[in-house]
Amino acid sequence: MAHIVGAGDTGFGRHEGRTTIDLMTQAATAALADAGLRRGDIDGLICGYSTTHPHLMLATVFAEHFGLDPVYAHAMQAGGATGCAMTMLAARLADAGQCRRILVIGAENRATGQSRDSSIQTLAQVGHPDFEVPYGATIPAYYALLASRYMHVHGVTEADLAEFAVLMRGHAANCPGAHQAAPITVADVLASKPIAAPLKLLDCCPISDGGVALVVAAEAAGGGAHIAGMGQAHRHQHITHAADLTQTGAALAAERALEEAWAGLDDIDYLAVYDSFTITLTMLLEEIGFAPRGGAAAMARAGAFGPAGSLPLNTHGGLLAFGHCGVGGGMAHIAEAYRQLAGKAGARQVPDRRTAFVHGDGGVMSSHVSLVLRAE
C-alpha cells in the first residue's frame with residue numbers, strides 16, 4: 001500500500017520573475033524536506049503539464065534540472081484532475097514495486113508568465129474544435145452553462161453558489177501563502193463583476209503562480225497518510241457531448257475509490273474537492289453524495305463544511321481562495337488532506353480526522369479522479 005510521506009508548496013499568488021521550473025524546484029525541495037529525504041532517494045518522477053513551459057518532455061527536463069536519476073519519469077495531462085491522476089499513478093508504481101519513492105509535482109507561473117487573455121484563450125481550447133471553440137466560448141462560459149441548467153433543475157440560486165466563495169475565503173484566512181485571503185460576504189459575491197451569467201468574478205478562482213509537490217512512497221515514514229483507494233471515470237470530453245449533467249462521472253470515480261478502500265461515504269471525515277468555480281464544488285458535492293441535490297448550500301450555511309463541522313472542506317481555501325496555478329492547484333487539495341491527516345496543518349488543524357476524500361475534475365466536468373486517504 002502506497003503512502004504520502006511529504007508535501008511542499010510555494011504559496012500561490014504572483015511570483016514575479018519565477019518560471020515553471022523555478023516553482024517546481026521550490027515545491028520539490030520543500031516536499032523532500034518534509035519527507036526527510038534527499039534527491040538521491042527519489043527513483044520515480046511524475047509531473048504535470050505547464051501552459052507557460054509547454055515542453056514535450058517536461059519530466060526529463062525537470063529531472064535534468066533538479067539532479068534526479070529516476071528509473072521512471074512521466075508527464076501527464078488530465079486537466080484539473082491531473083494532480084489526483086498523477087498521485088494515483090505514483091501509488092500504482094509503488095504498489096507494483098516499480099519505484100520506492102516517487103516525486104509528484106505540478107507548478108506554473110500563469111499569473112505573471114502569460115497575459116490574462118492568453119491564459120483564457122489557452123484554457124478555452126479544451127472545448128470542442130467544431131461545436132464549441134468557434135463560438136468563442138471560455139472556460140467560465142462552459143461552467144456557466146452548467147450552472148444555468150443545474151440551478152433550473154435543482155432550484156439552486158446565485159446566493160446559494162456564493163456561500164462556497166465565502167466559505168473558501170474564510171478558510172484561506174488561516175492558510176499562509178493563500179492568493180486571496182480577505183474575507184467576503186454573499187453580498188460581495190453577488191455584487192462582483194459579471195463574468196458569464198450567472199457566474200460572477202467571485203464565483204471564479206483566481207489565476208495564480210505557484211506549485212505543489214508530494215512524495216509518494218512504498219513504505220510508510222510514520223505520521224503520514226496512506227492511499228487506501230483510487231478511482232477514475234471519463235464519460236465525455238466536451239460538455240456538448242455529456243449525456244447526463246447529473247451523472248458526469250464524479251460519482252462513479254468516487255464509488256470506485258471507496259470500494260477499493262472498503263469504505264462508504266459515512267466513513268469520510270474530511271473533504272478535499274475540486275472547486276474551480278462555485279458551481280463546480282456544488283455539483284461535485286451533490287453528485288458524489290456528500291449533500292442532497294440542491295442542498296449543498298444549506299449544509300454550508302449550517303456549518304457542515306467548516307472547521308468545526310462534520311465534513312471540513314478545503315481548509316486551505318481551495319482553488320477559489322488559495323488559488324489556481326494549473327496542475328498545482330488541484331495538488332494543493334491533496335497536500336492539505338495529507339497535512340490534516342498527518343497533524344501538520346498548523347492553525348487550521350482539524351482534530352480527530354482519520355479518513356479524507358479527495359476529488360479532482362478536469363476539463364468541464366470531463367475527467368474525474370477520486371482518492372481515499374487514511375491517517376497512518
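What you see is a predicted model, and the numbers here were worked out from it, not measured in a lab.
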*Asks:* Using side-chain heavy atoms (C-beta onward) and a distance below 4.5 Å, is Glu108 in contact with Val327?
*Replies:*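 Glu108 vs Val327: side chains apart.
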
*Asks:* Taking CD in Glu259 as the centre, count heavy atoms belonging to other residues, nucleotides or ligands within less than 6.0 Å. Is the count above 12?
*Replies:*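 Check fails, neighbour count at 12 or below.
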
*Asks:* Verify whether one side chain among His333 and Asp275 offers a donor that lies under 3.5 Å from an acceptor in the other.
*Replies:* yes

*Asks:* Do you know which of His171, Met299, Met168 makes side-chain contact (heavy atoms from CB on, under 4.5 Å) with Phe305?
*Replies:* Met299

*Asks:* Walk me through it: do Glu158 and Lys200 pass the test salt bridge (charged side-chain N to carboxylate O under 4.0 Å, His left out)?
*Replies:* CA-CA 9 Å; Glu158 294 180 22; Lys200 293 157 292 293; 3.0 Å; yes

*Asks:* For a quick test of reading the model, state the closest non-hydrogen atom pair linking Thr10 to Ala27 and the distance between them.
*Replies:* CG2-N, 3.9 Å

*Asks:* Not counting sequence neighbours, which residues clear ring-ring contact (aromatic ring centres under 6.0 Å, His included) with Phe277? List them please.
*Replies:*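 Counting only residues at least two positions away or on another chain, Phe277 forms a ring-ring contact (aromatic ring centres under 6.0 Å, His included) with Tyr143.
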
*Asks:* Where the side chain of Thr355 meets the backbone of Ile268, is there a donor-acceptor pair that is under 3.5 Å apart?
*Replies:* no

*Asks:* Can you tell me if CD on Gln121 sees more than 12 non-hydrogen neighbours from other groups inside 6.0 Å?
*Replies:* no

*Asks:* Take the angle between the ring planes of His241 and Phe131 and call it parallel below 30°, perpendicular above 60°, tilted in between.
*Replies:*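 Rings of His241 and Phe131: parallel, under 30°.
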
*Asks:* Ignoring hydrogens and geometry beyond distance, is a side-chain donor-acceptor pair present between Thr315 and Glu336 at under 3.5 Å?
*Replies:* yes

*Asks:* With a 3.5 Å cut-off and no angle check, do the side chains of Gln180 and Arg169 form a donor-acceptor pair?
*Replies:*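 Judged by distance alone, the side chains do pair up.
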
*Asks:* Side chains of His179 and Ile207: closer than 4.5 Å at any heavy-atom pair?
*Replies:*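 No - every pair of side-chain heavy atoms lies 4.5 Å or more apart.
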
*Asks:* Do Met88 and Ile105 share a hydrophobic cluster, counting only Ile, Leu, Val, Met, Phe, Trp and Tyr and linking them when any side-chain heavy atoms are less than 4.5 Å apart?
*Replies:*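 As far as the 4.5 Å side-chain criterion goes, Ile105 and Met88 are not connected within one cluster.
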
*Asks:* Answer yes if the side chains of His128 and Thr240 hold a donor-acceptor pair under 3.5 Å, and no otherwise.
*Replies:* no

*Asks:* Whether the His53 and Thr19 side chains hold a donor-acceptor pair (N or O, under 3.5 Å, no angle test) is what I'd like checked.
*Replies:* no

*Asks:* May I have all residue pairs that pass side-chain hydrogen bond (donor to acceptor under 3.5 Å, both in side chains) and include part of residues 81-104, sequence neighbours excluded?
*Replies:*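 Non-adjacent pairs meeting side-chain hydrogen bond (donor to acceptor under 3.5 Å, both in side chains): Arg92-Glu260, Arg100-Glu219.
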
*Asks:* Quiz question: by atom type and distance under 3.5 Å, do the side chains of Thr52 and Thr20 form a donor-acceptor pair?
*Replies:* yes

*Asks:* Compute whether any side-chain donor of one residue and acceptor of the other, for Thr112 and Asp209, lie under 3.5 angstrom apart.
*Replies:*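 Yes, Asp209 and Thr112 have a side-chain donor paired with an acceptor closer than 3.5 Å.
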
*Asks:* Could you check whether Phe290 and Phe357 have their ring centres less than 6.0 Å apart?
*Replies:* yes

*Asks:* Same cluster or not: Tyr72 versus Leu58, using hydrophobic residues (I, L, V, M, F, W, Y) connected whenever any side-chain heavy atoms lie under 4.5 Å apart?
*Replies:* no

*Asks:* Phe12 and Ile21: same hydrophobic cluster, using ILVMFWY side-chain contacts below 4.5 Å?
*Replies:* no

*Asks:* Among side-chain atoms of Glu132 and His238, is any donor-acceptor pair under 3.5 angstrom?
*Replies:* no

*Asks:* Test Glu163 against Arg301 for salt bridge (charged side-chain N to carboxylate O under 4.0 Å, His left out), laying out the working first.
*Replies:* CA-CA 7 Å; Glu163 290 287 348; Arg301 279 191 290 269; 3.4 Å; yes

*Asks:* What I'd like to find out is whether the side chain of Asp203 reaches to under 4.5 Å of the side chain of Ile279, using heavy atoms alone.
*Replies:*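 A side-chain contact under 4.5 Å is absent here.
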
*Asks:* Is there side-chain contact between Arg235 and Gln247, with heavy atoms separated by less than 4.5 Å?
*Replies:* yes

*Asks:* With salt bridge (charged side-chain N to carboxylate O under 4.0 Å, His left out) as the test, would you mind laying out the steps for Glu16 and Arg18 before giving the verdict?
*Replies:* CA-CA 6 Å; Glu16 298 286 351; Arg18 307 296 301 279; over 6 Å; no

*Asks:* If hydrophobic clusters are built by linking Ile, Leu, Val, Met, Phe, Trp and Tyr wherever their side-chain heavy atoms come under 4.5 Å apart, do Leu214 and Leu45 end up in the same one?
*Replies:* no

*Asks:* Hey, are the side chains of Ile239 and Leu245 touching, using non-hydrogen atoms and a 4.5 Å cut-off?
*Replies:*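 Yes. Closest side-chain heavy atoms under 4.5 Å.
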
*Asks:* Answer yes or no: is there a side-chain heavy-atom contact under 4.5 Å between Asp34 and Lys344?
*Replies:*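 Side-chain contact under 4.5 Å: yes.
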
*Asks:* Just checking, is any N or O donor in the side chain of Asp117 or Ser115 under 3.5 Å from an acceptor N or O on the other one?
*Replies:*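 Short answer, no.
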
*Asks:* Are side-chain heavy atoms of Phe66 and Leu32 found at a separation under 4.5 Å?
*Replies:* yes

*Asks:* Would you say Leu93 ends up clustered with Leu373 if hydrophobic residues are merged whenever their side chains have heavy atoms under 4.5 Å apart, either directly or through other cluster members?
*Replies:* yes

*Asks:* Taking atom CG of Asp69 as the centre, report whether more than 12 heavy atoms of other residues, nucleotides or ligands fall under 6.0 Å from it.
*Replies:*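 Result for CG/Asp69: open.
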
*Asks:* Any chance the side chains of Tyr150 and Glu286 put a donor and an acceptor closer than 3.5 Å?
*Replies:*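 Yes - a donor-acceptor pair under 3.5 Å links their side chains.
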
*Asks:* Looking only at side chains, do His368 and His359 share a donor and an acceptor under 3.5 Å apart?
*Replies:*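 Side chains of His368 and His359: pair found under 3.5 Å.
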
*Asks:* Evaluate the side-chain proximity of Arg348 to Gln340: yes if any heavy-atom separation is below 4.5 Å, no if none is.
*Replies:*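 Gln340 reaches Arg348 side chain to side chain.
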
